[in-house]
Amino acid sequence: MAMIPNQLPQLVSDPTGRSLGLDLPPGALTGPADAPYLWSGHGAAGPAAWAALRPAARTAGLLPVLLGGDWGLDRWELMPERMSDPADHEADEVLADFWEANASDEIPGSAGWPGLAPAQPYDTDPDAAAATVAEMLTEPGFWLEDARPALVPARRSADIPAVIGWTGPLNHENDVARLCAVLRSWEDRFGARVVALTFDQLVVSVASPPRTVEEAEAVAAEHYAFCPDNIDQGPSTLRDYARAGLLDSPVWTFWWD
């Protein structure tokens, strides 16, 4: 996978990251000593953490993400060495393969992959939208209030799962780089950003969500191919899913059983 210069090794001798223009809380590195692929804080991020981590993208090429859930990273089974490069895959081909493998007669349009939904003009800056979502999710009472802050040496937000070798969708796809190719496409078309990961969940902010039922249904088909459990274990039809979860929604959440 094409990588940017990895600044994380500097945190071995400079845990706060001051040499990189950062002021990090106590945390730990994950990965080989000479090439760690993840820094994560020991404590809860809190609503202000995302804004505090954002300068890392400019000064050190490190992108923020929230790590949530009850399980520690030692149980996440991270496998970066097994992932390919997202650039080696095309989103439309990946989703078409998933659609053919998973769509049933009960899914409208399952006779053939309907293709990618049209791009939407951004309503807000994608990074600002990600910050807003991150702050919301870590507010007291929200389901990621205990999420830890993390930094990843990735060129773009969509690549974060592949860089750290996240295996959350293992029952659906064992090379998460294929899903990252779709995330790249969502970045380009909808201003999406990877905001949070748990052991088996992915949370994405969306700067330009679908505004009409027709647009939402087109995106819903992509979500079904990307993560069938979202529909199979939730709303009974793509239309229900589109209306309930995608219309004007700045957050997309995925969970693989």
Side-chain angles (χ1 to χ4, degrees), residues 1 3 6 8-9 11-12 15 17 24-47 49-50 53 56 62-86 98 130 133-134 136-154 157-183 193-205 226-230 232-234 251-257:
M1 183 186 307
M3 297 285 289
N6 188 354
L8 287 181
L11 300 182
V12 174
L24 299 177
L29 295 169
T30 299
D34 60 342
Y37 48 81
L38 175 68
W39 170 88
S40 56
H42 290 321
W50 192 273
L53 292 179
L62 300 170
L63 298 184
V65 66
L66 301 173
L67 305 180
D70 296 331
W71 288 9
L73 289 177
D74 58 325
R75 299 181 63 186
W76 278 37
E77 302 176 344
L78 299 176
M79 301 179 185
E81 71 282 355
R82 294 182 57 180
M83 306 304 167
S84 62
D85 190 330
F98 286 146
V133 169
M136 176 189 70
L137 293 175
T138 49
E139 289 281 358
F142 278 76
W143 70 284
L144 281 172
E145 65 174 321
D146 294 327
R148 303 173 301 284
L151 291 169
V152 178
S157 173
D159 294 351
I160 287 174
V163 171
I164 69 172
W166 185 58
T167 57
L170 191 60
N171 291 337
H172 180 57
E173 171 58 56
N174 59 15
D175 182 3
V176 78
R178 282 166 49 83
L179 297 179
C180 288
V182 178
L183 292 172
R193 296 289 186 270
V194 173
V195 171
L197 296 168
T198 74
F199 175 76
D200 57 3
Q201 294 171 295
L202 165 67
V203 181
V204 177
S205 65
F226 186 82
C227 180
D229 289 335
N230 268 27
D232 290 343
Q233 300 194 31
V251 185
W252 294 347
T253 302
F254 304 94
W255 168 73
W256 289 266
D257 190 359

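Heavy atoms only, all atoms of each residue included: Pro36 and Asn6 are closest at O-ND2, 2.6 Å. When all heavy atoms of Met83 and Thr167 are compared, the closest pair comes out as CE-CG2, 4.0 Å. Minimum interatomic distance between Ala49 and Pro149 (heavy atoms only, all atoms of both residues): CB-CB, 4.4 Å. Contact between Thr198 and Gly69 at its shortest, heavy atoms only, is CG2-N, 4.1 Å. Closest approach of Ala150 to Leu53, counting heavy atoms only: O-CD1, 3.8 Å. Minimum interatomic distance between Phe254 and Val204 (heavy atoms only, all atoms of both residues): CE1-CG2, 4.3 Å.
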Exercise for the section: Would you check, one step at a time, whether the test side-chain contact (heavy atoms from CB on, under 4.5 Å) holds for Val65 with Trp166? Expected result: CA-CA 13 Å; Val65 66; Trp166 185 58; over 6 Å; no

Practice task
May I have the step-by-step check of side-chain contact (heavy atoms from CB on, under 4.5 Å) for Leu8 and Tyr37, ending in yes or no?
Solution key: CA-CA 7 Å; Leu8 287 181; Tyr37 48 81; 5.6 Å; no

Exercise for the section: Go through the steps for Trp39 and Leu62 under the test side-chain contact (heavy atoms from CB on, under 4.5 Å), then give the verdict. Expected result: CA-CA 9 Å; Trp39 170 88; Leu62 300 170; over 6 Å; no

Practice task
Dump the intermediate steps for side-chain contact (heavy atoms from CB on, under 4.5 Å) on Leu38 and Leu67, then the final yes or no.
Solution key: CA-CA 11 Å; Leu38 175 68; Leu67 305 180; 4.1 Å; yes

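Rounded to the nearest 0.5 angstrom, Phe199 CZ and Leu170 CG are separated by 8.5 Å. Here the CG atom belonging to Leu73 is positioned 7.5 Å from the CD1 atom belonging to Ile164, to the nearest 0.5 angstrom. Atom CG of residue Leu183 and atom CH2 of residue Trp252 lie 10.0 Å apart, to the nearest 0.5 angstrom. Taking CZ of Arg82 as the start and CG of Asn174 as the end, the distance is 6.0 Å to the nearest 0.5 Å. Distance CH2/Trp256 to CD/Gln201: 9.5 Å, rounded to 0.5 Å. Glu81 CD to Met79 CE: the interatomic distance, rounded to the nearest 0.5 Å, is 7.0 Å.
Between the Asp159 side chain and the Ala154 main chain, no donor and acceptor come within less than 3.5 Å of each other.
Under the side-chain contact (heavy atoms from CB on, under 4.5 Å) rule, Trp50 has a single partner from Thr138, Val195, Val133, which is Val195.
In this structure the side chain of Pro169 reaches within 4.5 angstrom of the side chain of Leu179, judged on heavy atoms.
Ring geometry, Phe98 versus His172: the interplanar angle falls from 30° to 60°, so the pair is classed tilted.
Side-chain contact of Trp255 with Asp200: a donor-acceptor pair under 3.5 Å is present, judged by distance alone.
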